[in-house]
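The structure appears right after this line, and notes come after that.
As the structure lists them, so they are numbered: ligands from 1, and atoms in each ligand from 1. In this text, all values refer to a predicted model and were calculated from it rather than measured experimentally.
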Amino acid sequence: MFMRASSAIMRLSSWLGRSDRPHKFGSRRLFTALLLALGGFILLYLFVLPQILRFRFRFGLSRYDLGFYGFGPSRTYHSFDEESPIVEISPAGAICDQRYTFLAPRGDSVKHPGPMILDAQGELIYKKYNWGTTQDFKVQHYKGEDYVTYWQGDEEDGHGRGSWYMLDSTYTPKYIISPVGILQGDLHDIQFTVNDTAILTIYEPIPADLTSVGGPELGWLYEGVVQEVDIATGELLFEWRSSHTYPPETSYEPLGDRGHERTLGYDYFHMNSVDKNDEGHYLVSARHTHTVTCIDSSGKVLWTLGGKYNEFDDDGVATSFKWQHDARWRGPKRITLLNNAANDNGDLSAVSQGLLIELDIPAREAKVVTIYDHPQHMMAVTQGNVQVLDTGNVLIGWGHSAAFTEFSADGEVVCNTHFGASAYFTFGRTMSYRVFKDNWVGMPDTLPDAAMVGDSVFVSWNGATEVASWALEAWDGDSLTNMTFSVVDEVPRSGFETEVPFTPAVTSYFRVAAVNAKGEVIGRTEVASRGSTPQASFSSDHPWGVTIIMIFSLGCLLCGLYCAVFRRLRRRRSATGGLYQLVTPKDDEENNENGHLPI
Ligand SMILES: *[C@@H]1O[C@H](CO)[C@@H](O)[C@H](O)[C@H]1NC(C)=O
Ligand SMILES: *[C@@H]1O[C@H](CO)[C@@H](O)[C@H](O)[C@H]1NC(C)=O
């Protein structure tokens with residue numbers, strides 16, 4: 001088999017490289033070779049290389065993870081314009097935390113990025129299409145009420161220029177939060193405190209001497225700025241700047257060609273989370289210095305864990321995290337973080353993991369209590385977060401990889417959810433900076449949506465969490481000026497969109513009412529008329545992108561092979577004269593063609 005294949009390759013290469021008859025066949029041969037090379041290259045690059053290099057040779061991947069349904073499988077609806085991901089939950093029969101999932105998918109496989117809520121089964125609850133980039137979608141509490149918050153703006157150069165939005169339970173924006181005295185806020189974090197204040201992350205370009213890292217003397221770096229502001233008044237309560245403590249040479253990030261311009265500063269610190277405990281101590285995670293820093297309310301640095309200024313002795317693991325994200329207080333002496341361990345996809349041996357670390361602060365000792373390690377060696381080359389649920393379970397969002405995993409407190413995988421095909425995770429075609437689970441009551445102030453398809457009406461209500469069933473109400477036929485309706489059928493809610501079949505009682509006007517678990521009507525669609533509305537257009541959730549690339553590259557390969565093999569046979573046939581004579585290629589003929597005369 002191998003012999004045959006190698007001799008075929010040799011023949012093919014000798015045919016491609018043959019220099020006799022250059023005028024007649026040269027350009028066609030070149031074209032064929034280009035087709036073959038193009039098709040082969042695309043297939044190799046897109047499908048073979050990532051599997052070989054980045055697959056980490058995981059066997060037993062599901063069809064979903066192999067990309068049979070697309071890089072980021074999604075589905076469409078009749079009554080709603082946006083798409084939602086199709087998720088795969090494993091292992092079979094997994095009992096996941098039943099709360100809602102908050103994420104903000106983005107990437108090439110995500111048509112419309114924006115904040116999204118899914119239920120525990122991965123069914124859509126809420127989706128908003130936002131311009132630019134949306135990050136860090138989560139539930140926070142302010143003055144006794146629940147809000148969903150997110151950052152929205154432009155992502156540039158690994159950080160953000162934008163603002164934070166607070167939406168109430170009707171999804172109405174109530175507050176827009178901006179930093180004080182600095183134009184724009186960064187995408188990495190906003191953390192509300194029990195005192196109704198918000199702690200913000202900001203990247204500010206500042207002039208700096210970068211000679212210590214081989215850069216210009218009059219250069220620029222991105223300073224990490226922490227601000228705490230009063231949400232109601234916008235008053236600035238606290239500010240801390242990274243450059244006062246950490247000089248450029250504490251960074252592990254290569255300078256590269258950065259640092260010469262204000263808009264292309266040296267991102268030496270890359271602050272990605274801020275937190276505050278009841279003692280009033282701030283906790284700041286900086287990816288590029290590999291540090292977690294504790295700061296008191298006067299701005300004084302109390303200690304540094306990790307990186308070049310590390311003050312702690314460890315058990316061999318607790319201070320050696322790299323490129324980490326999301327450092328959080330978990331009590332006075334405990335913190336969690338996501339040790340990304342990798343800075344780019346080149347580091348193939350890197351494995352990302354959640355860490356629960358215990359600190360003996362007076363003795364400056366750190367030890368790892370629990371490692372949340374994914375059995376499939378999940379890698380979050382960028383982004384990601386760790387959330388400790390009140391059940392004690394721990395949720396890890398794998399950032400750049402379209403997955404989130406719920407672990408038991410002692411580190412066993414309870415439930416693993418993919419919202420993209422894992423074979424292609426390294427391409428970041430679908431990702432979510434962070435993923436959270438939380439309780440939420442959504443009561444949108446919009447009307448429920450309806451679309452008639454055939455003999456059914458499809459109903460949905462973007463963001464509504466309280467709908468238990470849908471009641472089909474038909475017009476009584478009495479008065480057109482004072483219309484009255486009666487319930488003719490009631491269908492339990494089945495996911496984001498519910499199909500309600502028409503009954504014979506619906507002859508003209510109808511509407512559909514959303515009914516909650518107590519049997520109360522909480523919303524109604526507009527009145528519609530059976531048969532008068534154009535049918536909702538059918539759209540397919542077929543992964544066209546992948547299919548087209550596959551067809552194109554396979555086409556190139558087939559065309560190339562056709563040109564290479566069949567045309568050659570035909571030519572040889574005509575060369576031997578007999579139109580109907582099939583000639584088997586012989587070795588001596590081959591030698592002839594290669595310029596060796598038989599002796
Ligand atoms: C809340 O305010 C109190 C009183 O000023 C303060 O002691 C406490 O540290 C604050 N907590 C946070 C998390 O900011
Ligand atoms: C409309 O009909 C309802 C129910 O029959 C009745 O109670 C109501 O008074 C009517 N309203 C008007 C403006 O006629």
Side-chain angles (χ1 to χ4, degrees), residues 102 135-151 163-166 168 174-182 185-202 224-242 244-245 271-286 291-305 324-338 356-362 366 385-390 392 394-395 434 436-440:
F102 295 77
Q135 302 258 56
D136 195 24
F137 183 48
K138 62 193 172 195
V139 177
Q140 301 209 70
H141 314 287
Y142 174 65
K143 291 195 192 291
E145 305 233 342
D146 288 350
Y147 290 82
V148 275
T149 67
Y150 57 79
W151 176 92
S163 307
W164 296 272
Y165 294 77
M166 273 172 79
D168 66 10
K174 283 287 167 180
Y175 297 88
I176 298 176
I177 301 173
S178 300
V180 178
I182 303 172
D186 163 59
L187 55 84
H188 283 94
D189 210 359
I190 182 169
Q191 199 65 33
F192 289 10
T193 72
V194 289
N195 295 335
D196 294 327
T197 63
I199 319 169
L200 314 173
T201 60
I202 304 147
V225 184
V226 178
Q227 286 191 344
E228 181 170 353
V229 297
D230 184 309
I231 295 173
T233 64
E235 186 194 346
L236 180 64
L237 306 170
F238 173 84
E239 186 175 276
W240 180 83
R241 291 175 169 271
S242 65
H244 296 179
T245 303
M271 183 165 69
N272 57 28
S273 72
V274 286
D275 201 15
K276 193 182 179 191
N277 65 9
D278 295 336
E279 288 175 89
H281 293 167
Y282 299 86
L283 196 66
V284 172
S285 162
T291 53
V292 173
T293 307
C294 179
I295 303 156
D296 74 8
S297 53
S298 71
K300 190 175 141 226
V301 169
L302 299 181
W303 47 259
T304 298
L305 179 76
Q324 84 288 348
H325 276 83
D326 199 33
R328 300 281 161 203
W329 291 113
R330 304 294 176 195
K333 294 195 182 80
R334 286 185 167 195
I335 63 168
T336 57
L337 57 86
L338 181 71
L356 173 60
I357 297 172
E358 189 158 279
L359 305 170
D360 181 342
I361 293 161
N385 69 310
V386 180
Q387 183 190 11
V388 178
L389 304 168
D390 58 12
V394 170
L395 183 79
R434 287 173 174 169
F436 297 92
K437 285 236 174 184
D438 223 316
N439 295 311
W440 178 245

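For atom 11 (N) of ligand 1, a protein heavy-atom neighbour is found at a distance under 4.0 Å. Within 4.0 Å of atom 3 (C) of ligand 1, at least one protein heavy atom is present.
Taking 4.0 Å as the cut-off between side-chain N and carboxylate O, Asp189 and Arg434 count as a salt-bridged pair. Residues Glu358 and Lys333 are not paired through a salt bridge, judged by the lack of any N-O separation under 4.0 Å between the basic side chain and the carboxylate.
For atom 14 (O) of ligand 1, the choice among His281, Glu279, Lys276 with the nearest heavy atom turns out to be Lys276.
Protein heavy atom nearest atom 5 (O) of ligand 1, with residue, atom name and distance: Asn195 ND2, 4.7 Å. Considering only non-hydrogen protein atoms, atom 13 (C) of ligand 1 sits nearest to Asn277 O, 3.5 Å.
Shortest non-hydrogen contact noted between Phe102 and Val139 is CZ-CG2, 3.4 Å.
When atom types are taken as modelled, the side chain of Asn195 and the backbone of Thr197 share no donor-acceptor pair closer than 3.5 angstrom. Without hydrogens or angle criteria, Asn272 side chain to Gln324 main chain gives a donor-acceptor distance under 3.5 Å.
Residue contacts with ligand 1, taken as heavy atom pairs separated by less than 4.0 Å, do not involve Thr197 at all.
The distance from ligand 1 to the heavy atoms of Gly280 drops below 4.0 Å at these ligand atoms: 9 (O).
Where the criterion is an N or O separation shorter than 3.5 Å, residue side chain and backbone included, Asp278 meets it with respect to ligand 1.
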- Query: Where do Tyr175 and Tyr142 land on the ring pair (Phe, Tyr, Trp, His ring centres under 6.0 Å) test, with the steps shown first?
  - Reply: CA-CA 11 Å; Tyr175 297 88; Tyr142 174 65; 5.4 Å; yes

